[in-house]
Amino acid sequence: MAYWLIKSEPDTWSWDQHVKKGADSWTGVRNHQAKVHLQTMKKGDKAFFYHSNEGKEIVGVSEVTKEAYIDPTDKTNAFYAVDFKAVEPLKTPVKLAALKADKNFADMVLVKNSRLSVQPVTADEWKAIRKLGGLK
DNA sequence: GCCAACGTTGGC
DNA sequence: GCCAACGTTGGC
């Protein structure tokens with residue numbers, strides 16, 4: 001089981017919308033590094049749902065329900081989409097600022113390369129952030 | 001709203 | 001194939 005972090009601007013697609021929809025497709029990724037990560041995802045993998053711009057915090061946990069397929073919104077067929085369903089919200093959102101202030105997360109991709117929209121998360125980071133978010 | 005960081009494009 | 005110019009993202 002691998003862990004990931006997916007980013008969305010709440011103006012475009014928020015956690016609340018994600019929860020209401022249940023499962024939805026993560027389309028529109030037009031970055032090759034992010035694409036590689038999408039292709040690596042397996043059904044059942046978990047991902048943190050991060051709000052960029054507004055909030056700048058990790059707000060929930062999602063799960064991969066469908067592995068990478070050609071992004072229907074991409075006419076060149078060069079990019080991929082993955083389906084996610086919302087699993088559970090964090091009891092306390094984990095702020096980017098809090099991660100930056102904590103040395104344990106100094107190497108985290110979110111801290112180092114904030115522009116990447118789909119990122120891997122290590123098992124250690126996963127556990128620590130769940131804890132910070134008030135989950136077991 | 002600004003601007004730094006990054007990716008992409010296109011001229012040479 | 002290099003690199004300057006440009007566009008986009010996202011933190012501040």
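The sequence lines fix the lettering, A, B, ..., with proteins before strands; numbering per chain opens at 1. A quick note: this is a predicted structure, and the numbers were derived from the prediction, not measured.
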Chemist: Need to verify one output field. Residue with the more 5' nearest nucleotide on DNA chain B, A:Asn53 or A:Arg30?
Modeler: A:Asn53
Chemist: Distance to the ring centre below 6.0 angstrom and angle to the axis at most 45 degrees; does that hold for A:Lys103 and A:Phe105?
Modeler: no
Chemist: Under the side chain to side chain donor-acceptor pair (under 3.5 Å) rule, what pairs show up with a residue in residues 43-55 of chain A, not counting sequence neighbours?
Modeler: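 Checked against side chain to side chain donor-acceptor pair (under 3.5 Å) - neighbours excluded - the pairs reaching residues 43-55 of chain A are A:Trp4-A:Asp45, A:Glu9-A:Asn53.
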Chemist: Assign A:Leu96 to base, sugar-phosphate, or nothing according to its heavy-atom contacts below 4.0 angstrom with the strands shown.
Modeler: sugar-phosphate
Chemist: Within the 4.0 Å heavy-atom criterion, would you say A:Lys95 contacts the bases, only the backbone, or no part of the nucleic acid?
Modeler: nothing
Chemist: Quick one: how far along DNA chain B does chain A reach, first to last nucleotide 5' to 3', anything under 4.0 Å to a heavy atom?
Modeler: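 So the contact region on DNA chain B extends B:dA5 to B:dT8.
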Chemist: Where the side chain of A:Ser114 meets the backbone of A:Leu110, is there a donor-acceptor pair that is under 3.5 Å apart?
Modeler: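 Not a single qualifying donor-acceptor pair exists.
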Chemist: Listing request: all side chain to side chain donor-acceptor pair (under 3.5 Å) pairs with a residue in residues 120-136 of chain A, at least two apart in sequence or in separate chains.
Modeler: A:Glu88-A:Arg130, A:Thr122-A:Glu125
Chemist: Is a salt bridge present between A:Lys35 and A:Asp71, judged by a nitrogen-to-oxygen distance below 4.0 Å?
Modeler: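 No, no charged N to carboxylate O under 4.0 Å.
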